[in-house]
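Sequence lines set the chain letters: A, B, ... in the order given, protein chains first and strands last, and positions in each chain run from 1.
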Amino acid sequence: MEEHYNPQEIEPKWQFRWAEQQLYRTPEDDSRPKFYCLEMFPYPSGDVHVGHVRNYTIGDAVARWHRMRGYNVLYPMGFDAFGQPAEAAAVRHNAHPATWTYQCIERMRGQFRRLGNSYDWDREVVTCDPEYYRWNQWLFLKFLEQGLAYRSHAPVNWCPKCEFVLSDEEAQGGKCWRCDGPVTKEDREQWFFKITDYADRLLGDLQQLEHWPERVRTMQANWIGRSDGVEFAFDVVGSDQKIPVFTTRIDTIFGVTYVVLAPEHELVDRLVTDGEMRRKVEAYRAEVDAKTNVERLSEEAKAGLRLDVEAINPANGEQVPIFIADYVLLGYGTGAIMAVPAHDQRDFEFAHAHGLPIRVVIQPEGEALDPATMDSAHIGEGVQVNSGQFDGLPNTEAQVKLAEWLEERGVGRRRINYRLRDWLVSRQRYWGTPIPIIYCETCGTVPVPESDLPVVLPPDLPYAATGSILPQAESFVKTACPRCGASARRETDTLAQWIESCWYILRYTDPKNNEMPFSREAADRWLPVDQYIGGIEHAVLHLLYSRFFTKVLYDLGLIGFQEPFTRLFTHGMLLQDGAAMSKSRGGVAPDDIIARHGADALRTYILFIAPPGQEADWQEGGIEGISRFLNRAWRAVAGRADAFAPDWRGRIADTSDDTAAALRRSTHQTIRRVTNDIERWHFNTAVSAMMELVNAMTELGDRASEPDLRLAYSEACEHLALLLAPFAPHLAEELWARLGNRESVHLAEWPAWDDAIAQEEQITLVVQVNGKLRDRLTVAPGTAEHDLESQALASPRIQAHLEGKSIQKVIVVPDRLVNIVAR
RNA sequence: GCCGGUGUGGCGGAAUGGCAGACGCGCCUGACUCAAAAUCAGGUGGGCCUUAGGCCCGUGGGGGUUCAACUCCCUCCACCGGCACCA
């Protein structure tokens, strides 16, 4: 009986059997409640490392646990195979994106199998498959019909290193989301999705997402950036031009001392007619262009140029100078502002730099602001002054009154403004969904008819390290106009890969449908996703886009729900020596660890290392500890098969032995702890609890086979196998089988505990004097308060500490402690 | 600058306002062994004393609430992450 725990043998064995039995196939018609568990799918980079494994291990444990809890679980996997990350990985390895991608997918499938993840592979989705992107194109056409997809000539974010346009979300902070390099502006004609039409719903519905991390909701809310204000226009002296501005501080309108336009604002060209002035404007624009964002922000004084025209403040008829300055952004609001240096810090700094007047129109209570001595703008509340008929009003009130006043006079209107801008979806890349559009000389922009889908990416092109090769592919570009039949040209931009990942969650519910992207019936049955698991880096990008898509699909009547993800979990990064783990840094590869310690050890260690939401530091010694634990579990169950009594359940009630009772107590306490810990996602303490049970079992040694203990020991063995199932599925399965079970442990029911058995017989009661621990008493649980008090007071140790003091108060917490307050 | 997170032994980390440090790593001692590995048993926050025992200190710093604070409140510090001229 010198058989020992050998993960290299049992893991492949069970993986093979699970696949053979289709154990993880999702039944479609099933009366059990559904649970859709999903991890953000990976892009096939070819470099799977341990950091990623954390994501998949958490998901698998959650999926397995829900199955055992009686849910019909949908737990699929697929590959985000299109797009720049996948293409870049291919190019880096000097391969055609298609060849490379499918090779990687094959490798990763093997890796997932070796990890023991319980995916339903029958539902696999690969986004670069024409059968998938066909529906991506179909959905694009639906967006087009709805007026939600449009082409526009506009300055767009451009990453010179990737030779690639970026959406605003991808260019956060002026840095490319892939290469981290600086982003510039380029003028180009591109396809956009009208996500701004959904800004209000995307913001408002965040409130429903109570099971999302607060910070993700905050990040999205900030990104959408709603602000309520007033839009009105300044007349220009000696011209019929008007300068529209947006402000959230209409209460400060009487404090305007100048107006600023963004340097690129198209109005500037109409306002400036004089040749000399024009040259200055051009020079200034060139200067601004040359500076990076960082340079602009780090400048001491705010730069700007005064134009030779003036504007009229509609509130008081005053004439004020007009500037262009780069602190005003073209893309936000109207691209022009009213400047109130007394009450806006940026305007204050600009006014100082350019010697402009500062006029206080809001006086804070109990203070008299003097423009000559102010060293910063007064942003806060106060009472209106220098504001005509509004003087004396609290500014919060004036805000309403002034808005009404301007609206009545037809000068302005209340408006809600968003920071969110439309979503740029064109990519100048080969490896993506071809946009199903044809340009015809006579008919213009013509959508490809649905019956002609998919527009297939030409497979036999030579790959290129940079830029797109599609425009050079004549066989692809040259086509006939679907309307008039004349020769025409295909769109050569492809779609951002975010689009495929907006609805893959739906395709999983109906992956083989060739009539539709998915059936509404399947979608409504499974969605929303009950548990979504992924990295925080997608807090704005993927999660915002998916939410937008879901709302559009709802409006199209394709689905019956408006939010895709009920619960979101963002796990922490797995670090090595304080930095993100990666192969290039000599990080450990999952396959190496599996070869050395087994997948179960890897999984259990990842769950044990820290609470999953936190960052965690990989330590080689840690996994050895887990290996040891699994070994001990093996020896405790498989190594003592002689002690196991299959019929323990029927006979155990008669057990009266103290040691047996103690073991039973441990078993039931462990079931309780593991269950509660998994429920609150504290997998690390769940593993600790199982370790304690195994330690208790091991301590018994050979006594396990004694008649008095056998039954309790059998109960412990059986439950240990069940509790291990979500963490170490192969070991659990092997032990379960050795205990004589024919059916998989993963089809078994999660065990229940009995509070009466788990109940401690004796409780250690802490006795404190003035809050300091002075003695411990052993009492029965549920001992009455007054008994606890008198026992505590009777203790000789306590007596000693009470010497010369008088008791003020005695606090008794039943089953916990007695605290005697004495002076 | 703004917003969020984190701060506990040598290390990863535990603790519904009620015994701080569960569990694991590492380390120390012992058993087994010719020896080592593996395994098993015991110990392991710091300081102090008259050392069967006992006392004091201790959860980033300071203050507060409370009989009682890692936990709640205020304030400061450090590190990590996000946003950053958004009118």
Self-check item: side chain to side chain donor-acceptor pair (under 3.5 Å) evaluation trace for Glu692(A) with Gln669(A)
Solution: CA-CA 10 Å; Glu692(A) 287 180 61; Gln669(A) 284 179 356; over 6 Å; no
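As rounded to whole Å, 15 Å separates atom P of C83(B) from atom CD1 of Ile224(A). Taking atom CD1 of Ile536(A) as the reference point, atom P of C3(B) lies 18 Å away to the nearest angstrom. Atom-to-atom, NZ of Lys772(A) to P of G58(B) comes out at 8 Å; the value is rounded to the nearest Å. In this structure, the CZ atom of Arg596(A) is 15 Å from the P atom of A38(B), given to the nearest Å. Between the CD atom of Gln808(A) and the C1' atom of C67(B) there is a distance of 11 Å, given to the nearest Å. With rounding to whole Å, Glu214(A) atom CD is found 19 Å from G82(B) atom P. A37(B) atom C1' lies 13 Å from atom CD of Glu624(A), rounded to whole Å. As rounded to whole Å, 16 Å separates atom P of U66(B) from atom CG of Asn770(A).
Val328(A) comes within 4.0 angstrom of a base, heavy atoms only. Among the protein residues, Arg774(A) comes within range of the sugar-phosphate backbone only, with heavy atoms under 4.0 Å from sugar or phosphate atoms but none that close to a base. Residue Ser227(A) is in sugar-phosphate contact alone, with no base atom involved, counting any heavy-atom pair closer than 4.0 Å across all strands shown.
With C1' as the reference atom, C72(B) and A22(B) are 24 Å apart, rounded to whole Å. One C1' atom belongs to C23(B), the other to G9(B), and the distance between them is 15 Å to the nearest Å. Here the separation of A41(B) from U50(B), taken at their P atoms, is 37 Å to the nearest Å. Distance check on atom P: A14(B) versus U6(B) gives 12 Å, rounded to whole Å. Annotation: C40(B) and G45(B) have their C1' atoms spaced 27 Å apart (nearest Å). Here the separation of G10(B) from U44(B), taken at their P atoms, is 15 Å to the nearest Å. Taking the C1' atoms as reference points, G13(B) lies 13 Å from A20(B), given to the whole Å. A gap of 15 Å separates the P atoms of C73(B) and G7(B), to the nearest Å.
By the 4.0 Å N-to-carboxylate-O rule, Arg596(A) lies close enough to Glu620(A) to be salt-bridged with it. Remark: Asp200(A) engages Arg226(A) in a salt bridge, criterion side-chain N to carboxylate O under 4.0 Å.
His354(A) places no side-chain N or O within 3.5 Å of a backbone atom of Leu356(A) that could act as its donor or acceptor partner. Of the possible polar contacts, one joining the Asn313(A) side chain to the Ile253(A) backbone as a donor-acceptor pair under 3.5 Å is found.
When the side-chain nitrogen and oxygen atoms of His801(A) are compared with OP1 and OP2 of C55(B), one or more of them lie within a distance under 4.0 Å.
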The contact string for nucleotides 5-24 of chain B, one letter per nucleotide 5' to 3', using protein heavy atoms under 4.0 Å with B, S and - for base, sugar-phosphate only and none, comes out as ------SBSSSB-BB--BBS
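Phe569(A) pairs in a ring pair (Phe, Tyr, Trp, His ring centres under 6.0 Å) with only one of the listed residues (Trp212(A), Trp681(A), Phe683(A)), which is Trp681(A). Among Leu724(A), Leu731(A), Leu720(A), the one residue that satisfies the side chain to side chain contact (heavy atoms under 4.5 Å, CB included) test with Val637(A) is Leu720(A).
When each of Thr218(A) and Leu330(A) is assigned the nucleotide of RNA chain B bearing its nearest heavy atom, the one mapping closer to the 5' terminus is Thr218(A).
In the set C67(B), C85(B), A87(B), the nucleotide with an atom closest to the side chain of Lys809(A) is C67(B).
Classification of the Tyr258(A)-Phe323(A) ring pair by plane angle, with boundaries at 30° and 60°, yields perpendicular.
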Encoded 5' to 3' (Watson-Crick or G-U under 3.5 Å; [ ] crossing; | other strand), RNA chain B becomes (((((((..(((.....[....)))((((((.......))))))(((((...)))))..(((((..]....))))))))))))....
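Nucleotide G61(B) is shown with an anti base, its glycosidic torsion being more than 90° from 0.
Remark: Gln762(A) CD is packed, more than 12 non-hydrogen atoms of other residues, nucleotides or ligands lying under 6.0 Å away.
No side-chain heavy atom of Thr604(A) sits under 4.5 Å from any side-chain heavy atom of Leu607(A). At least one side-chain heavy atom of Val360(A) sits under 4.5 Å from a side-chain heavy atom of His343(A).
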